[in-house]
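Please read the structure below before turning to the comments.
Numbering of ligands and ligand atoms starts at 1, following listing order. It should be emphasised that the depicted structure is a prediction, and the values quoted were computed from it without experimental measurement.
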Amino acid sequence: MKNYNRMPENFLWGGATAANQYEGGWDEDGRGPSIADVLTGGSVDKERRLTPPAPLPEEFYPNHQATDFYHHWKEDIALFAEMGFKVYRFSISWSRVFPNGDEETPNEEGLKFYDNVIDELRKYNIEPLITISHYENPLHLSLEYGGWKSRKMIDFYLRFAKVLFERYKGKVKYWLTFNEINMLTQDFGAVFCAGMLDPKDVCEQSRYQAMHHQLVASALAVSMAHEIDPEFMLGCMLAYHNGYPYTCHPDDILYAQQFGQIHNSIAGDVHVRGYYSGFAARYFEEHGIQLEVLQEDKEILKKGTVDFFTISYYSSSCVSVTKDGEKTAGNGSDNLKNPYLKASDWGWQIDATGLRYVLNQIYDRYQIPIMIVENGLGAVDQLTEDGKIHDDYRIEYMRRHIEQMKEAIHDGVDLIGYTCWGCTDLVSASTGEFKKRYGLIYVNKNDDGTGDFSRIRKDSFYWYKKVIESCGEEL
Ligand code: BG6
């Protein structure tokens, strides 16, 4: 009998980051500002604030320096290699390559940074997995064109993507077109996913129009990429929402199904099947959403379907038609608490079994390879006097999720990789804190501005190294 305790030998183990949360160097070597550069710091109780058109001198902007990968890339990649990473997922800062976003030619200095990163990864045989757009629209495109509700964004995005595909052909195989495109079903997505800074655009009409433009841009990018290099593998990326029915009342069961259809499958179906499903049309109709869809869009969507499906998965929640019950925090959703689950320091409910459930659900629906490109525990870490971080809580979280990945593979799911989120500590997207740490590598940088960016291997670093070495057998 096959040994399901061991993951496939070619399984892509690794870690993931995003440029705006990790790189820093926000105004170096010709980089232009992105929307993340006008987002102030925040905390669990204090929302991050936008200050366009520019940063204010009296405010703190954590993404400006982030955890300074821009000056630590060699050191960090060496640490990834030491852990045995097979893959590293990162995003390219659009405004480092096109400072305003609408120029004709790219910023060579910005591209050189990524040349170095990619060459360094290749030196260690680490496969780069590039997210083309991860929560950082160039600020100019937001101010001048209103972000993704404008169809013009499609051309700017394609120009950017083309530069990357042509330059990194032969060096990069795996690409993701947009990070968590389905966050556009929620208010949070208006700014983060679509760079729409006008508060009037925090509405379904603008959000779904922006999503449509991104889906078209994604499909065009997929077709273009396959023409440039048929070896390229293009994926979509969804924040996978796992909302269980709060009760077994049929109304709650139906509501949970509809919740999944709206928050996961509208975008997922277009990415994989190339068309909007019937429930999407009904939802748009019943919510007064009038999408502007050009005749040619249908053909574009049909042609540009993705090769693999990726998700972020951190937690689950419950949903109910009555909405009665205690609320829980989570990745972008404010649903109901599940009495059977414990939660993280930030109130995100921990549900490893839910990962198996979700992987089966996706595979049953689409039958294409799946990668988990974000998973992990945002927690407060204590640096001990002798310079160590004993993060057994993080190890426990990851261990339980990896166990469920094995179960899913045994169930027949074609799971090809796992990149834990924020493998090196970085700025939290939702709260703007440094204190919410996900890393296996600690970065000495704090919310009060102190810290010298030095790196320390946490206990989880040594643990993950063994996991990779043993192909998941030693958990
Ligand atoms: C995902 C994003 O939604 O969740 C990441 O793709 C983000 O950018 C991650 O950092 C974790 O969320 P947070 O708010 O804890 O940083």
Side-chain angles (χ1 to χ4, degrees), residues 15-23 34-36 39-48 62-63 66-67 69 89-94 129-137 176-195 214 235-242 263-264 267 310-317 328-334 343-350 355 358 371-381 394 397-398 401 418-440 443 445 447:
T17 62
N20 76 92
Q21 292 166 256
Y22 184 33
E23 263 175 26
S34 83
I35 51 148
L39 263 175
T40 66
S43 67
V44 163
D45 335 290
K46 190 173 137 221
E47 275 197 22
R48 311 187 70 183
N63 301 58
T67 45
F69 180 63
R89 172 187 176 224
F90 61 101
S91 69
I92 305 255
S93 162
W94 188 343
L129 162 58
I130 292 184
T131 319
I132 298 171
S133 173
H134 189 135
Y135 288 176
E136 56 172 329
N137 219 43
L176 304 178
T177 52
F178 288 93
N179 182 63
E180 296 187 335
I181 194 168
N182 60 325
M183 281 294 195
L184 275 164
T185 61
Q186 305 189 31
D187 289 351
F188 170 82
V191 172
F192 280 82
C193 301
Q214 292 194 347
C236 60
M237 195 302 199
L238 264 66
Y240 210 83
H241 288 85
N242 190 12
H263 294 290
N264 300 317
T310 79
I311 56 165
S312 60
Y313 178 86
Y314 294 93
S315 58
S316 72
S317 61
T328 176
N331 193 17
S333 59
D334 57 349
S344 75
D345 296 342
W346 271 261
W348 294 21
Q349 300 185 118
I350 301 169
L355 179 59
V358 154
M371 220 190 271
I372 300 158
V373 294
E374 284 187 33
N375 171 251
L377 183 70
V380 180
D381 288 334
R394 183 168 295 109
Y397 177 101
M398 289 176 69
H401 283 79
Y418 172 81
T419 58
C420 59
W421 176 246
C423 44
T424 312
D425 286 346
L426 36 67
V427 179
S428 154
S430 56
T431 70
E433 291 167 300
F434 288 100
K435 164 168 111 189
K436 188 177 188 187
R437 297 174 183 275
Y438 285 88
L440 314 166
V443 179
K445 179 70 188 169
D447 291 316

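Any N or O atom pair closer than 3.5 Å counts here, and Thr431 shares no such pair with ligand 1. Polar contact with ligand 1: absent for Trp348 (N/O pair, distance under 3.5 Å).
Under 4.0 Å from ligand 1, the heavy atoms of Asn179 that appear belong solely to its side chain. Contact annotation for Ala429 and ligand 1: heavy atoms of both the backbone and the side chain come within less than 4.0 Å of the ligand. Counting heavy atoms closer than 4.0 Å to ligand 1, residue Tyr22 contributes nothing at all. Counting heavy atoms under 4.0 Å from ligand 1, residue Trp346 does not touch it at all.
Of the candidates Lys445, Arg394, Arg437, Arg437 is the only one forming a salt bridge (Lys or Arg N to Asp or Glu O under 4.0 Å) with Asp425.
Between Tyr240 and Tyr313, the distance separating the two ring centers is not shorter than 6.0 angstrom. Separation of the His401 and Trp421 ring centroids does not fall under the 6.0 Å cut-off.
The pair Lys435-Asp381 fails the salt-bridge criterion, with no side-chain N (NZ, NE, NH1 or NH2) lying under 4.0 Å from an Asp/Glu carboxylate O.
Taking atom 13 (P) of ligand 1 as the reference point, the nearest protein heavy-atom neighbour is Ser428 OG, 3.6 Å. The closest protein non-hydrogen atom to atom 10 (O) of ligand 1 is Gln21 NE2, 2.8 Å. Looking from atom 14 (O) of ligand 1 to the surrounding protein, the closest heavy atom is Ser430 OG, 2.4 Å. Scanning the protein heavy atoms around atom 11 (C) of ligand 1, the nearest turns out to be Tyr438 OH, 3.4 Å. Given atom 4 (O) of ligand 1, the protein heavy atom at minimum distance is Glu374 OE1, 3.3 Å.
Checking Glu374 against Tyr314 by side-chain atom types alone, a donor-acceptor pair falls below 3.5 Å. Counted by atom type alone, Tyr135 and Gln21 present zero donor-acceptor pairs between their side chains at under 3.5 Å.
Taking a 4.0 Å cut-off on heavy atoms, Tyr314 registers as neighbouring ligand 1. Note on ligand 1: His134 sits in its first shell, one or more heavy atoms being nearer than 4.0 Å.
Side-chain atoms of Arg89 come within 3.5 Å of backbone N or O of Val373 as a donor-acceptor pair. A donor-acceptor distance shorter than 3.5 angstrom exists from the side chain of Asn63 to the backbone of Asn20, with no hydrogens or angles considered. Counting only distance, with no hydrogens or angles, the side chain of Ser91 and the backbone of Ala19 share a donor-acceptor pair below 3.5 Å.
Under a 4.0 Å criterion applied to the non-hydrogen atoms of Glu180, ligand 1 contributes the atoms 1 (C), 2 (C), 3 (O), 6 (O).
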